[in-house]
A.B. asks: 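After the structure tokens below, expect a handful of questions from me.
The chains referred to below are lettered A, B, ... by the order of the sequence lines, with proteins before strands, and numbering in each begins at 1.
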2 protein chains.
Amino acid sequence: MQSLSTENYLKAIYHAAQFREGTVATTSIANKIGAKPSSVTDMFKKLADHNLVEYEKYKGVTLTTDGVKKALHIIRKHRLWESFLVSHLNFSWDEVHQVAEQLEHIQSEKLTNELDRFLDYPTHDPHGDPIPNRALFMKTHNKILLLDLPLNKEGVCVGVKDNSSDFLRYLDRRQIGIGTPILILHREEYDQSLHIQAGNSTLMITEKTAENIYVKP
Amino acid sequence: MQSLSTENYLKAIYHAAQFREGTVATTSIANKIGAKPSSVTDMFKKLADHNLVEYEKYKGVTLTTDGVKKALHIIRKHRLWESFLVSHLNFSWDEVHQVAEQLEHIQSEKLTNELDRFLDYPTHDPHGDPIPNRALFMKTHNKILLLDLPLNKEGVCVGVKDNSSDFLRYLDRRQIGIGTPILILHREEYDQSLHIQAGNSTLMITEKTAENIYVKP
DNA sequence: TATAAAATTTAGATTAGCCTAAATTATGTA
DNA sequence: TACATAATTTAGGCTAATCTAAATTTTATA
Ligand SMILES: [Mn+2]
Ligand SMILES: [Mn+2]
Ligand SMILES: [Mn+2]
Ligand SMILES: [Mn+2]
């Protein structure tokens, strides 16, 4: 039991569970997957039959230990492939996701582990997200939102919350990327905009942008 | 219209068409794909609807220009991936096929072409089969079966007819691979076995083996 | 807390890709 | 050339994954 669809559901449930405590709701998965809630209900039952989630009618699901393992395994593959595409195939960070969505379903332990070795066991993908290692363990940065960075305290960009191409390309234009040092120079009370120093240039960003960038203080 | 199943049929039809002139028969595809003839008939109709094959009831199919293009594109991806697995991920030539069967279905022009560049535009895969270039053109070696190599005329192994793991591993044990120089020292009339020199060692092979190795004189 | 709104599930249908069994067509051989 | 055999197609079904519409349950709020 590990169809493409099943794997996508497990991953979606895993990611949804990161956002909030408790169970994952039918509609939240329906939105992520792009399916109708009734289809999600069907799949929840199927996953429960295979002991990948615990499901209680009208109450949503939580991943079982097995479910988490499978999800992390897909995420491992997804992020390793994203890393490969950027480091060796000239992809930019806003192009990799769509292809990794396909590559993450390739089934071959040897392929996954050799790719990991070939990339020299990367710990983070091009978006700053942690890559589970072979034992499915990942260490996360203790990152905060740029919005919450104290004034005049330097941080380094270590990730993004919004992974959309639009946002990533916007950051490219502003010359902000993983590793860029950022300092908040001034907070504008009137419209919550921020004057920041990013790398060598100073620029203004909106609150919305600031709450989609992760920094390590 | 380019499901995984469709792509596998196109590839199977393409390969079957190499073997003999004329149309490709229902049962030959059924055997290759591992499906029942009735399922193949269904798919033939579907492919014909999409102008990928010409189909006449009870007469089999031939690929259209579009069908050939799609088939060659899958084959290009298959062989590029096989090359990558061997050259960078420590796969041996008997391990790559199964994984390439999955990877060949990944849809991304950029991925395919960047992989091609990364591998420095290889012309042949690990089994000696030609890799279609970006324009889907491939140049084939003018190879012959080892069986047909004249006595005491040196040839170089450039491919295999049988791609099974068993045969490939057998060749590994005999230290015969792509590039190995081979010379026929003696043909045994009694049982058609051959004494050959392969690389530095002399050894005996059966007729069956000799008709599954391609050499360039 | 009653009730309206939102969320979720159920019922019933559809599609792709496969199957078995039966019918049909083509082929090889006496 | 007749007819047995092989190849192929048709008919009817199945499953996974989806959908819409209707029913049910939960939740939010007046
Ligand atoms: Mn991604
Ligand atoms: Mn990522
Ligand atoms: Mn292959
Ligand atoms: Mn090959």
Side-chain angles (χ1 to χ4, degrees), chain A residues 1-13 16-17 19-63 67 70-71 74 101-102 104-105 107, chain B residues 1-17 19-63 67 70-71 74 101-102 104-105 107:
Chain A
M1 154 79 162
Q2 49 210 112
S3 71
L4 196 142
S5 195
T6 299
E7 295 191 341
N8 284 333
Y9 273 88
L10 289 175
K11 200 175 44 137
I13 295 167
F19 264 91
R20 48 164 68 245
E21 283 300 299
T23 64
V24 172
T26 307
T27 24
S28 74
I29 297 305
N31 292 334
K32 265 210 186 24
I33 296 270
K36 300 294 162 182
S38 53
S39 308
V40 175
T41 300
D42 282 354
M43 185 56 93
F44 278 4
K45 289 177 186 169
K46 223 177 302 177
L47 292 172
D49 286 347
H50 290 83
N51 291 306
L52 296 167
V53 300
E54 287 185 31
Y55 170 54
E56 202 183 339
K57 254 196 209 177
Y58 293 101
K59 296 288 173 56
V61 289
T62 45
L63 289 173
K70 294 223 171 176
I74 316 286
E101 286 290 307
Q102 299 177 61
E104 71 190 3
H105 301 290
Q107 320 251 220
Chain B
M1 154 81 164
Q2 49 210 111
S3 70
L4 196 143
S5 194
T6 298
E7 296 191 340
N8 285 333
Y9 273 87
L10 289 175
K11 201 175 43 136
I13 295 167
Y14 180 90
H15 283 133
F19 263 93
R20 49 164 68 247
E21 282 302 299
T23 64
V24 172
T26 307
T27 25
S28 75
I29 297 305
N31 293 333
K32 266 209 185 20
I33 296 270
K36 300 294 163 184
S38 53
S39 308
V40 174
T41 301
D42 281 356
M43 185 57 92
F44 278 4
K45 288 178 186 167
K46 223 177 301 176
L47 292 172
D49 286 347
H50 291 83
N51 290 307
L52 295 168
V53 301
E54 288 184 32
Y55 170 54
E56 202 183 338
K57 254 195 209 176
Y58 293 100
K59 297 289 174 54
V61 289
T62 46
L63 289 173
K70 294 223 167 168
I74 316 287
E101 287 290 307
Q102 299 176 62
E104 71 189 4
H105 301 290
Q107 320 250 217

A.B. asks: Decide, yes or no, whether a salt bridge links B:E101 with B:K11 under the criterion of side-chain N to carboxylate O below 4.0 Å.
C.D. replies: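 Salt bridge between B:E101 and B:K11, a charged N being under 4.0 Å from a carboxylate O: yes.
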A.B. asks: So what does A:S5 hit on the nucleic acid, given a heavy-atom distance under 4.0 Å: a base, only sugar-phosphate, or nothing?
C.D. replies: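 Result for A:S5 = sugar-phosphate.
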A.B. asks: Just compare D:dA17, D:dT25, D:dC19 and give me whichever is closest to any side-chain atom of A:S39.
C.D. replies: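 Of the options given, the side chain of A:S39 lies nearest D:dC19.
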A.B. asks: Within the structure shown, what part of the strands sits under 4.0 Å from B:Y55 by heavy-atom distance: base, sugar-phosphate, or nothing?
C.D. replies: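 Sugar-phosphate: the residue B:Y55, judged by heavy atoms under 4.0 Å, touches backbone atoms but no base.
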A.B. asks: What's the closest nucleotide to the A:K36 side chain, out of D:dT20, C:dT8, D:dT18?
C.D. replies: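 For the A:K36 side chain, the nearest candidate turns out to be D:dT20.
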A.B. asks: Is there a side-chain polar atom (N or O) of B:K57 under 4.0 Å from OP1 or OP2 of C:dT24?
C.D. replies: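 No, no such contact exists.
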A.B. asks: So which nucleotide from C:dT20, D:dA17, D:dC19 ends up closest to the side chain of B:S38?
C.D. replies: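 Looking only at heavy atoms from C-beta outward on B:S38, the closest nucleotide is C:dT20.
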A.B. asks: Contact class for A:Y9 (heavy atom, under 4.0 Å): base, sugar-phosphate, or nothing?
C.D. replies: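 It contacts sugar-phosphate atoms only.
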A.B. asks: Counting only side-chain N and O atoms of A:K46, is one of them less than 4.0 Å from OP1 or OP2 of D:dA17?
C.D. replies: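 Answer is yes, contact under 4.0 Å.
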A.B. asks: Using modelled atom types and a 3.5 Å cut-off, is there a donor and acceptor pairing between side-chain atoms of A:T41 and backbone atoms of A:P37?
C.D. replies: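 Present.
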A.B. asks: What is the distance, to the nearest angstrom, from the CD atom on B:E7 to the C1' atom on C:dG17?
C.D. replies: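 After rounding, the reported distance stands at 15 Å.
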A.B. asks: Expressed in angstrom and rounded to an integer, what is the separation of B:N8 atom CG from C:dA16 atom P?
C.D. replies: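 After rounding, the gap between these two atoms is 17 Å.
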A.B. asks: Check the distance between D:dT26's C1' and A:K59's NZ and give it to me in whole angstrom.
C.D. replies: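 Checked: the NZ to C1' distance equals 9 Å.
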A.B. asks: Output the rounded distance in Å from CE (A:M43) to C1' (D:dA16).
C.D. replies: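 From A:M43 CE to D:dA16 C1': 8 Å.
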A.B. asks: Can you tell me the distance, in whole Å, between the CD atom of B:E56 and the C1' atom of C:dT24?
C.D. replies: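 Value for this atom pair: 16 Å.
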A.B. asks: Looking at every strand, decide which applies to A:T26 at a 4.0 Å heavy-atom threshold: base, sugar-phosphate, or nothing.
C.D. replies: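 Sugar-phosphate contact only - A:T26 comes under 4.0 Å of backbone atoms but never of a base.
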A.B. asks: Would the number of heavy atoms belonging to other residues, nucleotides or ligands and lying under 6.0 Å from NZ of A:K36 be above 12?
C.D. replies: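 No.
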A.B. asks: For B:T41, which contact category applies under a 4.0 Å heavy-atom criterion: base, sugar-phosphate, or nothing?
C.D. replies: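 The residue B:T41 makes base contact.
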A.B. asks: Given atom CG of A:D49 and atom P of D:dA17, what is their separation to the nearest angstrom?
C.D. replies: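 One finds 12 Å between P of D:dA17 and CG of A:D49, rounded.
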A.B. asks: What's the CZ-C1' distance between B:F44 and D:dA7, to the nearest Å?
C.D. replies: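 So the CZ-C1' distance, B:F44 to D:dA7, works out to 12 Å.
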A.B. asks: Counting C-beta onward and ignoring hydrogens, is there a side-chain heavy-atom pair between B:Y58 and B:T26 closer than 4.5 Å?
C.D. replies: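 In short, these two side chains do not touch, never coming nearer than 4.5 Å.
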A.B. asks: If you check the A:Y58 side chain, which of D:dT25, D:dT18, C:dT24 turns out closest?
C.D. replies: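 Selected nucleotide: D:dT25.
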A.B. asks: Is it true that atom CD of A:E54 has more than 12 heavy atoms of other residues, nucleotides or ligands lying nearer than 6.0 Å?
C.D. replies: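 Count not over threshold, so no.
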A.B. asks: Using atom NZ of A:K45 as one end and atom C1' of C:dA11 as the other, report the distance to the nearest whole Å.
C.D. replies: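 About 10 Å, once rounded to whole Å.
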